[in-house]
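A short write-up of the structure that comes next.
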Amino acid sequence: MKILIIRFSSIGDIVLTSPVIRCIKKQIPSAEIHYLTKSSYNQIIQHNPYITVKHLLHDDLNETLTALKKENFDFIIDLHHNFRSWKIRMVLGKPSKAFNKINLEKWLYVNLRFNMMPLAHIVERYLETVKAMGVNNDGEGLDYFISPADEIRIEQLPLTHLHGFIAIAIGAQHVTKKLPVEKLKRLIPMLSYPIILLGGKEDAEAGEAVRAMDPLKVFNSCGKFTINQSASIIRLSKAVITNDTGMMHIAAAYKKKIISLWGNTVPQFGMSPYFGSKSISGADQNGISEIVEVQNLPCRPCSKLGYQKCPLGHFKCMNNIDDKKIIRSINSY
């Protein structure tokens, strides 16, 4: 059975599809799994042993379609569910299933503060697309695979960090998901561990501003490592403080202690850290994942994704985050 899974972007969303890939392959061993994503996210799936063939989305959709037509798939699982993924399904003309993006429920929550969001995590909603195939959630949580070449060895880190460190993922696609630099500067001196800052090239300047406070305690890795190398650092860390971003889900794949910070988005969107029911018990999961947010803020959530600045100008959803809760959670670990 030849199956195509479609998820174009982004880091976290692709990581969250990993249980679908694993469950299909383990429960239907004869399945040949193909995965279609954007070229910029290829490294996220590059080393996944459950995927048979990786396909990259071309700028020219017709070029992508030409390549996919040759595969003669038996079934298509659309985990992106936008116009392009719909067109691919229509052109290929094979049996398919698309996951429900619950856009109406999100619109009601964002615009009217009327919460009709399902309790199910997005991973569980992804897995609904393969139930008819007899594939069920194995409870093992998320996967993230990297190659030995991507591994950062502990001896490559500063001497101050060799006996344990906290990773802080300071990046996010949208500014309203990021903890402000000034708040980071107040927070870091109160943490009892050395720090490694994680982020892309666009976060390097902010990371340097934080590092300058205490160059021995803070190592700014923003823009210095690939996604997979950053994942390796997460795997080496004692715990991870992270915005609502892809690194949060990579940390969950490695079963790390996670303190997740939520600004304009909310965990009720179904994308909180996901560990699975078997790999970590319910009691342990409560201790390994701490959600830090400003509750009962009337303007929150203001978007299902985010903005480049707070629409109201005050940014209370991040500025009013309880620093003490973060510190207690980390320093007691």
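Side chains are part of it too, since the values below use all heavy atoms of this structure and drop only hydrogens, waters and symmetry mates. One-based numbering along the sequence shown.
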Q.
Do S221 and L197 have side chains that approach each other closer than 4.5 Å (heavy atoms only, starting at C-beta)?
A. no

Q) Is there side-chain contact between I21 and I5, with heavy atoms separated by less than 4.5 Å? A) yes

Q) Heavy atoms, side chains only, cut-off 4.5 Å: are L57 and R84 in contact? A) yes

Q: Would you kindly say whether Y144 and N48 are connected by a side-chain donor-acceptor distance under 3.5 Å?
A: no

Q) Do the charged groups of D78 and K97 touch, with an N to O distance under 4.0 Å? A) no

Q. Do E140 and R22 sit within salt-bridge range, that is, some charged N less than 4.0 Å from a carboxylate O?
A. no

Q) Is R235 close enough and on-axis enough to Y254, meaning under 6.0 Å and within 45°, for cation-pi? A) yes

Q) Do E293 and R300 meet the salt-bridge criterion of a basic N to acidic O distance under 4.0 Å? A) yes

Q) Can you tell if the side chain of K304 reaches within under 4.5 Å of the side chain of F269, non-hydrogen atoms only? A) yes

Q | R125 bridged to E128 by N-O distance under 4.0 Å | A | no

Q) Would L68 and I77 show up in the same hydrophobic cluster when neighbours are defined by side-chain heavy atoms closer than 4.5 Å? A) no

Q.
Quick test of your reading of the model: are K94 and D74 salt-bridged, counting only N-O distances below 4.0 Å?
A. no

Q. Given the side-chain rings of F99 and Y126, with only the six-membered ring counted for Trp, is the space between their centroids under 6.0 Å?
A. yes

Q: Apply side chain to side chain donor-acceptor pair (under 3.5 Å) to the pair N82 and K101, showing each step before the final yes or no.
A: CA-CA 9 Å; N82 67 357; K101 295 180 81 167; over 6 Å; no

**Q.** Proximity of F73 and H34 rings by center, below 6.0 Å
**A.** yes

**Q.** Quiz item: cation-pi between R7 and Y35, 6.0 Å / 45°
**A.** no

Q: Please examine the side chains of T37 and I44, heavy atoms only from C-beta on, and report whether any two atoms are closer than 4.5 Å.
A: no

